[in-house]
Amino acid sequence: MTSEPDSNRPWLSIKRLVLIVLTALVGLVVVQSLLSSWKEPQVASRLQLYQTDLLLEGSAWDGEGLPADQWQTLREGLVGKDPVATAQKQYEEVRQQAAEGLVEGRSLQAETAPTANGSLADEANAGKPLARRVQTALTQQELLIDRLDIRLGLMEVYQGKPEAAIRRWQQVRDSETAAASAMRTADTLIRLWQDQQIAPGDDVWLQETLDGWFEYRALEKVYEIQAQTSDRSGDSSSADRLAQLQAQEQATAENKLVKLVLLSTVPALGAVIGLGLLIWLGAQRVLRGSQSVLQHNAGRGWEVPWTAETIWQVLIAGFFFVGQILLPLVLGGLGLGGAGLSSRGKAIFSLVYYLLMAAGSLGVLWWSIRPYQPIPKDMFRIKASGSGLLWGLGGYFVALPLMFGVALLNQKIWQGQGGSNPLLQTVLEEQDGVALLVFFATAAIAAPLFEEALFRGFLLPSLTRYLSTGWAIALSAFIFAAAHLSLSEVLPLTVLGAILGFVYTRSRNLLSPMVLHSAWNSATMLGLFILGG
């Protein structure tokens, strides 16, 4: 084993002093980022509502061309007996989580605010970046609650509860924090259901501010009022518009039902396959003992020529400092950023930013391990092989049921808070095909290549110099999760990182975790495309 070139240096060298300073700076940034994500809403809550909206839109299809009795059975199996009541319950749960997050966020805001007679020291200690992120999160929560109330009201009038809906809309209209668009939408809906009156441009406004099932319900009310007025004057145009709206909804509902089936059945089928693999692996472990697949390469570490200082240097200086501090400062100083760019511009900026971060981190990695060449042959090994591909695909299917269970637990813990990767929300709302393709390339190609090279290719084997393989998998998985800087993602990403690490230690081929990582991100992106489309 090659000895550490700097092993005879004094403990407190200039290099180590720099690393200590960088570690303190990185620690401050990481802790602040994690804390500021505490009261930020999760994208998971939005995903739940998007799928609920699909259920509502799909439930409107009348099963044209299918026998009535068969369609009724099929419909109940797909959307349930009362899809609107089910959707209302889910919306109420998200609203309650948002309201609780709003209360706690305001409490946190009060804690981060400077005192009334605040000095410069008070201002410096007030956590201004944290306070700004808390205020942003509060604004998002307030906008979300108003949006939910408008939609909950439309579900209430559909179920014959107009008084409850009007009271809900009045709260939005009279709110001091509601956006002007939400206040106008609420006022328009109150006028439609309370006064049975329409104003010029109501239909256009509702088309702009509502979508899906909710847009159809509001426009249906507009055209019904117009039709009643037209009947008295002998004008049939409003009735024709109502018929066209209903025909359009049927065509849309059939399409949404297909999407709902894809989103529901494909992951469930994958989870069933994963459960089957888990049962098979468990049975093989019992029957074959040390000869089972699970024990392949178990406990076998790597021959690591560098010490903890190199690991420290690569993680702190290479990944965290370059990616989270230096690169944003340089790009900001050059006036480069995602704000103000078009959809495609933001997508390309995200990809370029990620590639620059990867290049910087891998550059520090190469510079750090260069003195130890030749690198042991079983490190950073990527080999195109059938077994490597099978380990990756098998790991993906096994991850599905495990991650579903972890997601349920995580939702119970965080109740819709804890932040999320901002890229998920961006992709969810993106409509430009080129931008979506670029986002897909970032998540499904760039991220697996870079992150697996760093966290599995370098970090995990390096840790086996000091820890058992199992503990090295666990620690590398936790660092991988924490690097994403969202509290709510720490648990699920630690589990995913552990699966990635397990696959790598057994296959000894970086191709395997790269395939697993790419498959996971690809499936996530495709799900977002379907939901957002």
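We're numbering straight along the sequence, starting at 1.
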Can you list the residues that meet the salt bridge (Lys or Arg N to Asp or Glu O under 4.0 Å) rule with [X], with sequence neighbours excluded?
| X | value |
| --- | --- |
| Asp146 | none |
| Arg288 | none |
| Arg506 | none |

Donor-acceptor contact below 3.5 Å, side chain [X] vs main chain [Y]:
| X | Y | value |
| --- | --- | --- |
| Gln90 | Thr52 | no |
| Asn410 | Leu491 | no |
| Arg381 | Arg508 | yes |
| Ser264 | Val261 | no |
| Asn509 | Gly388 | no |
| Ser361 | Gly318 | yes |
| Ser518 | Met514 | no |
| Arg465 | Val304 | yes |
| Thr524 | Trp520 | yes |
| His484 | Phe480 | yes |

Atom pair [atom1]/[atom2] of [X] and [Y] - distance to nearest 0.5 Å:
| X | Y | atom1 | atom2 | result |
| --- | --- | --- | --- | --- |
| Glu309 | Gln313 | CD | CD | 6.5 Å |
| Tyr396 | Leu516 | OH | CG | 9.0 Å |
| Leu356 | Leu327 | CG | CG | 5.5 Å |
| Ile479 | Leu460 | CD1 | CG | 10.0 Å |
| Leu54 | Leu257 | CG | CG | 9.5 Å |
| Leu19 | Leu315 | CG | CG | 11.0 Å |

- [ ] Under the ring pair (Phe, Tyr, Trp, His ring centres under 6.0 Å) rule, collect the residues that match up with Phe320, sequence neighbours excluded.
- [x]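 For Phe320 there are no ring pair (Phe, Tyr, Trp, His ring centres under 6.0 Å) partners, ignoring immediate neighbours.
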Task: Check: Trp302 ring centroid to Phe458 ring centroid under 6.0 Å - done: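 No, the ring centres sit 6.0 Å or more apart.
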Task: All pairs passing salt bridge (Lys or Arg N to Asp or Glu O under 4.0 Å) where residues 353-369 contributes a residue, at least two apart - done: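 Qualifying pairs: none.
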Task: Pairs flagged by salt bridge (Lys or Arg N to Asp or Glu O under 4.0 Å) wherever residues 433-456 is involved - sequence neighbours left out - done: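 Qualifying pairs, neighbours excluded: Glu452-Arg456.
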- [ ] Give the minimum heavy-atom separation between Leu511 and Ser385, together with the two atoms involved.
- [x]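 The answer is CD2-N, 4.0 Å.
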Open item on the list: Looking at every non-hydrogen atom in both residues, tell me the closest pair between Ala477 and Ala498 and how far apart they are.
Closed with: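 That closest heavy-atom pairing would be CB-N, 3.3 Å.
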TODO: Give a yes or no on whether Tyr353 atom OH has more than 12 heavy-atom contacts from other residues, nucleotides or ligands under 6.0 Å away.
DONE: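 Counting other residues, nucleotides and ligands, OH of Tyr353 exceeds 12 neighbours.
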Open item on the list: Can a side-chain donor-acceptor contact be found between Thr464 and Trp471 if the only test is distance below 3.5 angstrom?
Closed with: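 There is no such pair (donor and acceptor under 3.5 Å, judged by atom type) between the side chains of Trp471 and Thr464.
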Open item on the list: If we count only N and O atoms by modelled type, under 3.5 Å, do the side chains of Gln97 and Glu93 hold a donor and an acceptor together?
Closed with: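 Looking only at side-chain atoms, Glu93 and Gln97 do not form any donor-acceptor pair under 3.5 Å.
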Task: Evaluation steps, ring pair (Phe, Tyr, Trp, His ring centres under 6.0 Å), between Phe319 and Phe455 - done: CA-CA 10 Å; Phe319 180 75; Phe455 291 103; 5.5 Å; yes
